[in-house]
Protein chains: 2
Amino acid sequence: MSRSDITRRLKRHGVAATPQRVEIAKILLDRPQHLSADQILERLRQEGSAVSKATVYNTMHLFAEKGLVREVNVDPSRTFFDSTTRPHHHFFNIDTGELSDIPDDHVGLQHLPLLPEGTDLDSVEVLVRVRNK
Amino acid sequence: MSRSDITRRLKRHGVAATPQRVEIAKILLDRPQHLSADQILERLRQEGSAVSKATVYNTMHLFAEKGLVREVNVDPSRTFFDSTTRPHHHFFNIDTGELSDIPDDHVGLQHLPLLPEGTDLDSVEVLVRVRNK
DNA sequence: CTCCCGGATGAGAACGGTTTTCGTTTATAC
DNA sequence: GTATAAACGAAAACCGTTCTCATCCGGGAG
């Protein structure tokens with residue numbers, strides 16, 4: 001994805017395309033993946049970028065708010081940021097800590113349960129925990 | 001649940017029934033509920049108990065390992081301990097932070113997805129996020 | 001082109017839930 | 001009763017995340 005594609009995409013979501021945000025977006029939004037803040041920071045460093053930790057967190061929260069990424073809370077030790085924003089489900093490997101998408105979206109609920117009194121639906125997520133053979 | 005019922009239950013799961021563990025079990029295992037470590041500590045204090053934070057965490061990990069409780073990771077800010085150990089699903093109210101069981105266990109998957117290469121199934125969890133109307 | 005202003009950035013401190021450390025206490029074995 | 005191990009707990013350490021606040025930057029006004 002070219003820099004100008006990214007810039008356009010950020011703007012379309014109401015996000016000003018600063019150099020740091022474009023660098024982060026280039027890494028995370030490039031393809032379907034799940035990265036923690038540290039992993040993003042690590043990749044930035046690999047490319048010689050000096051974006052700060054504070055900016056990575058600020059940016060991820062902004063992206064999440066604007067619908068460019070989703071936060072995934074599966075591993076209690078860290079938050080993953082998911083570049084796929086449409087509803088989908090996950091595998092979580094409890095041995096490796098790896099998170100991956102469940103490819104076939106036929107995976108759905110048989111019935112949607114009756115929601116608790118006074119609440120509206122936000123999202124439905126299926127998590128399939130697996131371990132190494 | 002009486003003290004001796006609890007003692008018996010702990011022993012059945014291979015857990016030595018120390019006074020502190022029995023006190024914690026009395027609070028959490030009494031009925032289906034989801035409590036954080038702080039909430040357990042708070043209730044202990046209400047009853048005049050002086051069990052330490054370290055022991056609450058040690059005990060919860062031991063209970064989880066021995067199948068007396070399940071850890072639920074939904075709220076990135078804290079771990080909930082669930083006294084219901086059979087497979088079931090959850091509502092999470094993103095406004096209040098409350099976690100509750102989905103009562104009707106007809107909620108299941110239409111298909112179990114093909115697991116990633118080299119992995120075995122551990123568990124399947126459905127999380128329905130709701131917000132206040 | 002320059003000035004101004006508000007948003008963005010970043011270094012480091014603060015925060016808070018969880019884990020670890022390690023000395024003391026308690027239970028168990030003999 | 002003594003030895004040995006397990007459990008407990010106070011406090012420090014840990015670590016991912018958030019906050020603070022001084023500085024930087026960029027776009028619009030003039």
Side-chain angles (χ1 to χ4, degrees), chain A residues 3 6-7 10-11 13-28 34-45 47-66 68-82 97 99, chain B residues 3 6-7 10-11 13-28 34-45 47-66 68-82 97 99:
Chain A
R3 194 168 291 266
I6 288 172
T7 299
L10 296 191
K11 284 184 178 157
H13 284 262
V15 172
T18 69
Q20 289 89 342
R21 290 174 185 167
V22 172
E23 283 188 49
I24 293 170
K26 258 204 321 190
I27 288 170
L28 181 59
H34 312 84
L35 297 178
S36 68
D38 266 352
Q39 290 173 326
I40 293 170
L41 214 42
E42 195 182 326
R43 296 210 189 174
L44 286 167
R45 295 287 175 268
E47 308 187 351
S49 170
V51 177
S52 72
K53 187 186 289 191
T55 295
V56 169
Y57 278 106
N58 287 341
T59 298
M60 293 324 295
H61 292 149
L62 180 65
F63 282 8
E65 187 185 321
K66 300 298 189 177
L68 281 156
V69 302
R70 278 172 86 89
E71 300 190 12
V72 182
N73 298 313
V74 160
D75 185 337
S77 74
R78 57 215 212 280
T79 297
F80 283 106
F81 300 99
D82 188 341
L99 189 64
Chain B
R3 194 168 292 264
I6 288 171
T7 299
L10 296 191
K11 284 183 179 156
H13 284 263
V15 172
T18 69
Q20 290 90 340
R21 289 173 184 168
V22 172
E23 284 189 48
I24 293 170
K26 258 205 319 189
I27 288 170
L28 181 58
H34 313 83
L35 297 178
S36 67
D38 266 351
Q39 289 172 327
I40 292 169
L41 213 43
E42 195 182 326
R43 295 209 191 175
L44 287 167
R45 295 287 174 267
E47 306 186 353
S49 169
V51 178
S52 73
K53 187 185 289 193
T55 295
V56 170
Y57 278 107
N58 286 341
T59 299
M60 294 323 297
H61 292 149
L62 180 65
F63 282 9
E65 188 186 320
K66 300 298 189 179
L68 282 157
V69 302
R70 278 173 86 89
E71 300 190 12
V72 182
N73 298 314
V74 160
D75 185 337
S77 73
R78 59 215 211 281
T79 297
F80 283 105
F81 300 99
D82 188 342
L99 190 63

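- The phosphate of dC15(D) (OP1 or OP2) has no side-chain N or O of R78(A) nearer than 4.0 angstrom.
- If you check dT17(D), dA7(D), dA11(C) against the side chain of A16(B), the one that comes closest is dA7(D).
- Taking side-chain N and O atoms only, H61(A) has no distance below 4.0 Å to OP1 or OP2 of dT17(D).
- Put simply, Q20(B) has no side-chain N or O that comes within less than 4.0 Å of OP1 or OP2 on dT26(C).
- Comparing dA11(C), dT17(D), dG9(D) by their closest approach to the side chain of V51(B) singles out dG9(D).
- Proximity note for R21(A) (side chain, C-beta onward) versus dT9(C), dT17(D), dC8(D): the nearest is dT9(C).
- A side-chain contact (heavy atoms from CB on, under 4.5 Å) with L99(B) holds for exactly one of L35(B), V74(B), D82(B); it is V74(B).
- Within the structure, a side-chain polar atom (N or O) of T55(A) is placed less than 4.0 Å from OP1 or OP2 of dG10(C).
- In the set dG12(C), dT9(C), dA7(D), the nucleotide with an atom closest to the side chain of T18(B) is dA7(D).
- Side-chain N/O atoms of Y57(A) include none lying less than 4.0 angstrom from OP1 or OP2 on dT18(D).
- Taking every side-chain heavy atom of A54(A) into account, dA11(C) is the closest of dA7(D), dA11(D), dA11(C).
- Here the side chains of H61(A) and E71(A) are in contact, with some heavy-atom distance below 4.5 Å.
- Looking at H13(A), its side chain does come within 3.5 Å of a backbone N or O of K66(A) through a donor-acceptor pair.
- Take the nearest nucleotide of DNA chain C for P19(B) and for F80(B): the residue whose nucleotide is more 5' is F80(B).
- When the side-chain nitrogen and oxygen atoms of S77(A) are compared with OP1 and OP2 of dC15(D), none of them lie within a distance under 4.0 Å.
- Out of dG10(C), dT9(C), dG9(D), the shortest distance to the side chain of S52(B) is found at dG9(D).
- Residue pairs satisfying the side-chain hydrogen bond (donor to acceptor under 3.5 Å, both in side chains) criterion with at least one member in residues 14-27 of chain A, sequence neighbours excluded, are listed as follows: E23(A)-S49(A).
- Counting any heavy atom pair closer than 4.0 Å across all strands shown, S36(B) reaches no nucleic acid atom.
- Donor-acceptor pairing under 3.5 Å is recorded for the side chains of D75(A) and S77(A).
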